[in-house]
Amino acid sequence: MLSIAVFVSGSGTNLQALIDYEKSHTSCPYRISIVVSDRKDAYALERAKKAGLPAELISAYAVLGKEKAQSVSRDEKRLSVSNAALAACKKHKADAIVLAGWLTVLCGPIIGEYRGKIINLHPALLPKFGGEGMWGRHVHEAVIAAREKESGCTVHFVDSGCDTGAILVQKKVNVMPGDTADTLYARIAPVEHDAIVEGACLLAEKLSGKVD
């Protein structure tokens with residue numbers, strides 16, 4: 001049984017998909033040991049509470065304090081959050097990390113210590129529409145502006161780059177005439193839920209040696 005930390009920043013629908021799968025499948029190969037959020041108003045924290053899961057708020061403000069967080073660079077904020085998240089993972093004995101709608105770019109020791117054990121859900125078909133600034137509706141707007149015929153989501157391994165790790169799972173949907181960022185997202189969201197669960201299960205199987 002793989003102990004996973006789930007990192008979230010928003011409403012937590014993908015976290016809920018992971019929770020529901022774990023609860024409804026006795027053969028589920030993972031167990032959620034900790035939920036980490038970098039946003040204090042993330043509804044995902046409430047989902048964790050309702051599921052009886054330990055959760056921690058790890059934002060730059062929470063880690064550094066408001067005054068210092070306002071005075072340091074973006075990279076310093078990212079490192080402080082990453083280091084605090086690493087400490088939380090160790091405290092809860094997480095074997096792996098699943099980024100399920102997490103906005104802070106991880107950096108520093110956490111990347112090395114969990115190399116090959118961190119996966120991320122991205123709302124597009126990587127390697128297209130990845131990298132800095134490509135998150136949420138920004139991705140969907142870019143897909144529509146580029147007149148792509150399909151989009152979807154990708155679960156990939158996290159490395160020291162941004163959305164550059166090896167791809168584990170991809171799910172595709174059609175981009176329809178007249179789509180907006182909202183209508184495209186509404187079509188992608190359900191396949192994200194399937195992809196994050198499939199990715200977590202594949203990660204557990206890979207780390208257990210059941211699959212290459």
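In this text the structure is predicted, and so the values were computed from the model without any measurement. Scope of the values below: all heavy atoms of this structure, side chains included, with no hydrogens, waters or symmetry mates.
- Among all heavy-atom pairs drawn from Leu106 and Ser82, the shortest one is CA-OG, 3.4 Å.
- Closest of all the heavy-atom pairs between Ala17 and Val197 is O-CG2, 3.6 Å.
- Checking side-chain atoms of Thr154 against main-chain N and O of Gln170 turns up no donor-acceptor pair under 3.5 Å.
- Remark: Ala62 pairs with Leu57, Ser59 by the side-chain contact (heavy atoms from CB on, under 4.5 Å) rule, at least two apart or across chains.
- In terms of hydrophobic clustering, with Ile, Leu, Val, Met, Phe, Trp and Tyr side chains grouped at heavy-atom distances under 4.5 Å, Val105 and Phe157 are assigned to different clusters.
- In the hydrophobic clustering of ILVMFWY residues, with side-chain heavy atoms under 4.5 Å counting as a link, Tyr21 and Leu15 come out together.
- Judged by distance alone, with hydrogens and angles left aside, the side-chain atoms of Asn174 form no donor-acceptor pair with the main-chain N or O of Met176 at under 3.5 Å.
- One hydrophobic cluster, built from ILVMFWY side chains closer than 4.5 Å, holds both Val63 and Phe7.
- Atoms CG and CD1, on Leu121 and Ile119 in that order, are 8.5 Å from each other to the nearest 0.5 Å.
- Nearest approach of Ala84 to Ile58, heavy atoms of both residues: CB-CG2, 3.5 Å.
- Looking at Glu46, its side chain never comes within 3.5 Å of a backbone N or O of Tyr43 through a donor-acceptor pair.
- In this structure a side-chain-to-backbone donor-acceptor pair under 3.5 Å is present from Glu22 to Ile32.
- Through direct or relayed side-chain contacts under 4.5 Å between Ile, Leu, Val, Met, Phe, Trp and Tyr, Val175 connects to Phe129, Met134, Val139, Val143, Ile144, Val173, Leu184, Ile188, Val191.
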Could you tabulate the donor-acceptor pairs under 3.5 Å formed by side-chain atoms of residues 91-99, not counting sequence neighbours?
from	atom 1	to	atom 2	distance (Å)
Lys91	NZ	Glu56	OE2	2.7
Asp95	OD2	Ser3	N	2.9

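- The minimum heavy-atom distance between Leu45 and Ser37, with the atom names listed, is CD2-CB, 3.7 Å.
- The backbone N or O of Gly131 lies less than 3.5 Å from a partner atom in the side chain of Asp163, making a donor-acceptor pair.
- Minimum heavy-atom separation, Ala60 to Val81: N-CG2, 3.5 Å.
- Within the 3.5 Å criterion, the main-chain N or O of Ser11 finds a donor-acceptor partner in the side chain of Arg47.
- Residues Leu64 and Tyr61 do not share a hydrophobic cluster, defined by chaining ILVMFWY side chains whose heavy atoms lie under 4.5 Å apart.
- Taking Ile, Leu, Val, Met, Phe, Trp and Tyr as members and joining any whose side-chain heavy atoms lie under 4.5 Å apart, directly or through other members, the hydrophobic cluster of Leu103 also contains Trp135.
- Put simply, the side chain of Ser33 gets close to the backbone of Ile4: a donor and an acceptor are under 3.5 Å apart.
- Alongside Tyr185, the hydrophobic cluster contains no other residue (criterion: ILVMFWY side chains under 4.5 Å).
- With Tyr114 contributing its side chain and Leu86 its backbone, the two residues share no donor-acceptor pair below 3.5 Å.
- Partners of Arg137 under the side chain to side chain donor-acceptor pair (under 3.5 Å) rule, at least two apart in sequence or in another chain, are Glu141, Asp182.
- Salt-bridge check for Arg187 with Asp179: passed, with a basic side-chain N closer than 4.0 Å to an acidic carboxylate O.
- Not one N or O on the side chain of Asn120 forms a donor-acceptor pair closer than 3.5 Å with the backbone of His156.
- For Ala44 against Gly12, the heavy-atom pair with the smallest separation is CB-CA, 3.7 Å.
- Here the rule is side-chain contact (heavy atoms from CB on, under 4.5 Å) with Leu53, and of Ile34, Val6, Val35 only Val35 fits it.
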What's the verdict on side chain to side chain donor-acceptor pair (under 3.5 Å) for Glu76 and Ser73, showing C-alpha distance, side-chain angles and the deciding distance? CA-CA 5 Å; Glu76 289 175 295; Ser73 69; 3.2 Å; yes
